[in-house]
Amino acid sequence: AQSVAQPEDQVNVAEGNPLTVKCTYSVSGNPYLFWYVQYPNRGLQFLLKYITGDNLVKGSYGFEAEFNKSQTSFHLKKPSALVSDSALYFCAVRDPNSGNTPLVFGKGTRLSVIA
Amino acid sequence: EPEVTQTPSHQVTQMGQEVILRCVPISNHLYFYWYRQILGQKVEFLVSFYNNEISEKSEIFDDQFSVERPDGSNFTLKIRSTKLEDSAMYFCASSEKDRAYEQYFGPGTRLTVT
């Protein structure tokens, strides 16, 4: 069964500094990986995905993520954090070999960017 | 930009009552989903729907739950007899196709069971 781990409940970073939100996954075969962001009292907003191709994928708002097969990781990164990036970030995985499987989400990491 | 919409934004109901949560997916999408998020916890899958039938459901989606696409545009989640533990944010999502395609989520309906 597929699973996702986000080892950090909270990440604090100063504005202007680079940020990393960690995600590791477990799935048979090559995974489909996604990052979503949730702002307070809002729904989930798609940021980026990895399906195939380049390991470094770029998404919305300057975010990017790197797929690392050997480490089974898909960490979310941004070179320079903004206060407005403060939100809850969810990593999610789908198994491409298991029909119309749902997204399996990690428990989320709260990012706090301090001015 | 097309988006998934959900109504109501907040529903308060008494334990044992039936509730219907409504969603309008993006018009050219073929796959529909319901997820829920209990306060402070992670997002959990409930059910997926394709071609007018359930394609997958989780253990949470027991006989108290049902889904329907009554008119080709709406996608509803019904809880027949609500329990206190059903209190959560319920998200509808849709995707153009399956697996490789990102799911677009609605803003959610906050269900409070008293």
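Proteins come first, then strands; the chains are lettered A, B, ... in the order of their sequence lines, and each starts at number 1. The model shown is predicted, which means the values in this text are computed figures rather than measured ones.
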Would you mind checking which part of Tyr50(A) comes under 4.5 Å of any heavy atom in chain B, side chain (CB onward), backbone (N, CA, C, O), both or neither? neither
Engaged part of Gln6(A) at the chain B interface, taking heavy atoms whose separation is under 4.5 Å: neither
Presence of salt bridge, Asp9(A) and Arg110(A), under 4.0 angstrom: no
Inspect the contact between Lys77(A) and Glu64(A) and indicate whether a charged nitrogen and a carboxylate oxygen are less than 4.0 angstrom apart. no
Whatever's closer than 4.5 Å to a heavy atom in chain A on Gln37(B) counts as side chain
Closest-packed option against chain B by number of heavy-atom pairs under 4.5 Å, given Leu88(A), Thr52(A), Leu44(A): Leu44(A)
Taking atom CZ of Phe49(B) and atom OG1 of Thr76(B), what is their separation to the nearest 0.5 Å? 8.5 Å
For the residue pair Tyr50(B) and Tyr31(B), categorise the inter-ring angle as parallel (less than 30°), tilted (30 to 60°) or perpendicular (more than 60°). parallel
